[in-house]
Amino acid sequence: MEKSPVAREGSNTPASPETSLISLEADFLNDGRFGARRLEVTSTSVQVVEHGGVVSFQIPIAEIKTARNEPLVGGGRLEVTTSSGEILPVISYSLTVAAKFSEAARGIEQLAKSEPLMINLKEERLRCAKCNRLLPEKDGICPACVNRGRTMLRIGTFLGPYKSQAILLAVLSFLTTALNLLPPLIQGQLIDNVLVSQKNLGTLLPLILGWLVVIAASSVIQIASGRVIAQLAGSIAADLRSSVYRAIEFLQLTFFDKKQVGAIAARVTSDTDRVWGFLVEGVPYLLLNGLTLVGIMVVLLWTNWFLAICILAPVPIVIAIGAIFWKPMSQMFHRVGQKWARFHTHLNESLHGIRVVKAFANEDTEFNKFRIRNHELRDAGVSADARWNTIFGAMTFFTALGGLICWGVGGYMVYDKQLSLGEFWRINAYLALVYGPLMWFSAVNQWFSRAMAGADRIFEVIDSDTENYGDPGNAHAISGEVEFDNVRFGYDKSNPVLKGLNFTVKPGEMIGLVGKSGAGKSTTINLICRFYEPDAGTIRIDGMDYRDISLQDMRRQIGIVLQEPFLFNGTIAENIAYGKPGASFEEIAEAAKAANAHNFVLAKPDGYDSMVGERGAKLSGGERQRISIARAILHNPRILILDEATSSVDVETEKQIQEAIGRLVAGRTTFAIAHRLSTLRNASRLVVLDKGEIAEIGTHEELMEKQGVFYNLVQTQTAINEIIGIAE
Amino acid sequence: MTNLKAFYHPKDRLRLTTEDRSHLTVKPAWAAPLSRPNQFLSLMNGKGEEIVMVPGLDSLDPESRAAVEQELGRRYLTSQVERIVSAKSEYGATYWLVQTERGEREFVTQSLQENAQWLGPTHLLLIDVDGNRFEIKDIELLDVKSRAFLDTTV
């Protein structure tokens, strides 16, 4: 949200006419081909500069009346209207940079009106600074250049509480490796000392017994380490999820404005899942097989270096095959997954809409679509499996080649007495241990990268700006005076929604906020709740700047009843008690009575223990309203926000809701947004907003007499009500 | 529709004269550009209200047609992919370098399941992370290498 230093200059230091105030690169040439041109705005003129430095378009600022971004398909065009009314296209650009040019248009208009230049042209990184790849999100993380080491270390800090288990795991892995190497050694001894020589029968039993001990010990260790890993990885993933969720809870609402709920939820679920998957499968795999591999190489080279080199010769080939084919292979499997998802979506949709399908007699059409998806799925699966088997076959061939070399070269050496049969056997047994895990090694890198990218997205959330919950503000028992002192605010700083609001609300007053959509009613409410804070000016509660009151303490004394009340999946009693955790049942029932909810709740088979369903889906709209009013009554706020609490309910229910609201409002400072003006008759005063400014303020009667903005709004609405026959 | 006259007046502003009146700042828009390309062209006034819909550019006289075509070219900044120079899927994103009728362009797409739309068995639309559109009218007309890239990504 910082303004670029360039854009800021205009405000206080008058720039020289030549200084470029706005300089932006567009990506379309005049003939519609891709290419770079620049828009240069100085305090006196707007220019388009071609690649070679030639100025192809120029207009003095003095001749410009307005400037705007004309949205086109796949991009936009900057247009200016001259003082003679002519519209001139200036420059075209793709959607990649369109947002910036919108800002530039606003900037040009500000210059043209001799206003201070207030635009937000923060330099956005489109490419990764390190590898120059395009970034999937502007200013986001480059998935390829995630600093894996650092991220890994940070995941490591989550190991902190489980240090002893981590050390235990490392020790166990080491033991497993050592034990894996033992059986071939024993076998070698057995062959050389007992089988080939056909004597020393006495050593057979000890060797077999030793082998038994090794097998038993390695099984026990395997079980133990499996359990430690499961616990460790599970705990770390749970800790990660908790810290992401906790971080998300305290994020500023601006974060939620920019991202979809689904994308945020994905960070809690799938990203942590990736990290978990890597920890529980990838790390042990790497640890165990890495150690084993090194151990075997050492033993092999130590036993007979020449033979070792011969039989390990195909290893690079196997690794290469893995590295080359792994990626396309995993993409093919990914594609099968996507086809499954499409298949699933279609199946789901057609079953959900089965009534529509039948009603339009479209069974055949749906079956055709189904068949196409089904065949797509089959084809993708077949080709992925076919290729997989080919690659796997090739790998098996080279792996088997290692065995062949072992028998060929080793066999000759045994025959030539350079090698004992026991040693040969040992090498042969180790061979299998090497080649098995090798085939999968190249998969691990990608596995690792994915997990690290997931972890990085998690840390991005954890590191984001949070609300000042922990601010040192004072606890303050609110009595209810609210004062707006020249409050200015915009979600996007350069585009103010509220332009200097001034009014004072006495404790216990009910204020109706009136205005067309987009006038700033909801924004006013958002500011009162301190979901956002004013850009300029102050909001005072009981005469003190509300930023000096501790945020959590303040919000505890504010209650909200929304147009579409949000209930959590749980019982009715739980939902009412949400406003006051630990409330007694008497209090809950009392609040429900005051909200006219008690009777309908009792009529339900499970009374207050009835489940409301997801988002309260099992209740009717009017019931949800009254539960949410009961919740607010129990919360007992000093400042109350009502967002058009009655809509689309029958007359009797509406009467009950109005009655409940009457009780709720009594004695509290209330801000009510109502689209139905008649519901505002009870308000002490009305604040009429128009384009972010206060148009009128006064009681219902005063404003009606005045015959101003409010009067006109009422007239229009009455006319509409008469047409649709619900005039009151 | 012989009585429709489209022309630029003043410069850079398309004007449309019908039987009864003349409209300023006319915007042409294809009604269904993907499924019915070059058919059903809507001509709208500055407020975005339709003045008339014509079956296609052929129903305009040559001068009008030229003017409308020019305006269409200015308003539609989508690109037709002629050749895929490279396409790489890495870490959940796909990086493209393509040759289009507008020149070479690099872009990145995410979650191809939603952003690579099959409009027909061989007709593909790619939407990059910013919403820019890249259309492949018929993937069978692409060269072998381009098709191989599509095979491994989409």
Side-chain angles (χ1 to χ4, degrees), chain A residues 27-29 31-35 70-77 79 84-89 92-99 126-127 133-138 140-146 274 327-328 330-332 334-335 337-339 341-342 345 372 376 383 446 449-450 452-454 457, chain B residues 10-14 24-25 27-30 33 46 48 70-79 87-114 116 118 121 125 127-135 148 151-154:
Chain A
D27 43 8
F28 280 110
L29 298 176
D31 61 1
R33 295 184 62 80
F34 291 126
E70 163 85 4
L72 305 177
V73 181
R77 179 167 73 189
E79 288 184 353
S84 60
E86 211 181 335
I87 299 173
L88 297 176
S92 298
Y93 34 83
S94 77
L95 284 172
T96 312
V97 288
L126 297 180
R127 284 170 184 279
R133 259 175 245 257
L134 288 167
L135 293 173
E137 277 172 59
K138 283 174 196 159
I141 299 162
C142 174
C145 285
V146 166
R274 279 185 182 181
K327 212 176 266 174
S330 70
Q331 271 162 9
M332 285 183 92
H334 182 69
R335 195 160 88 187
Q338 282 186 338
K339 298 277 182 208
R342 267 172 68 128
T345 313
I372 292 169
E376 277 178 358
S383 67
Q446 204 183 2
S449 313
R450 273 172 180 271
M452 291 306 106
R457 273 195 294 272
Chain B
K11 186 176 166 284
D12 296 323
R13 268 172 109 182
L14 192 67
L24 299 166
T25 330
K27 295 178 193 170
W30 294 112
Q70 190 180 349
E71 187 63 19
L72 280 170
R74 287 183 183 184
R75 303 199 74 86
Y76 280 79
L77 300 178
T78 48
S79 331
K88 243 203 241 172
S89 284
E90 283 178 316
Y91 321 104
T94 309
Y95 301 87
W96 303 82
L97 178 61
V98 296
Q99 181 68 43
T100 73
E101 90 282 17
R102 296 176 188 276
E104 214 171 57
R105 180 80 167 179
E106 207 183 342
F107 63 93
V108 55
T109 54
Q110 260 188 325
S111 51
L112 277 178
Q113 213 178 327
E114 294 149 42
W118 288 100
L125 181 70
I127 302 171
D128 81 355
V129 287
D130 297 306
N132 295 311
R133 290 150 165 265
F134 299 87
E135 193 182 358
D151 262 352
T152 54
T153 47
V154 184

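Chain naming here is simple, since letters A, B, ... match the order of the sequence lines and numbering starts at 1 in each.
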Relative to chain A, which of B:Arg74, B:Glu106, B:Arg133 shows the most heavy atom pairs under 4.5 Å?
B:Glu106
Can a donor-acceptor pair be found between the side chains of B:Arg13 and B:Thr25 at a distance below 3.5 Å?
yes
Hey, is B:Lys27 close enough to A:Glu70 for a salt bridge, meaning N to O under 4.0 Å?
yes
List for me each residue that meets salt bridge (Lys or Arg N to Asp or Glu O under 4.0 Å) alongside A:Glu86, sequence neighbours excluded, and say none if there are none.
none
Answer with side chain, backbone, both or neither: which region of B:Arg75 has an atom nearer than 4.5 Å to a non-hydrogen atom of chain A?
both
Interface moiety of A:Phe34 toward chain B, non-hydrogen atoms closer than 4.5 Å:
both
Non-hydrogen side-chain atoms of A:Asp27 and A:Val97 separated by less than 4.5 Å:
yes
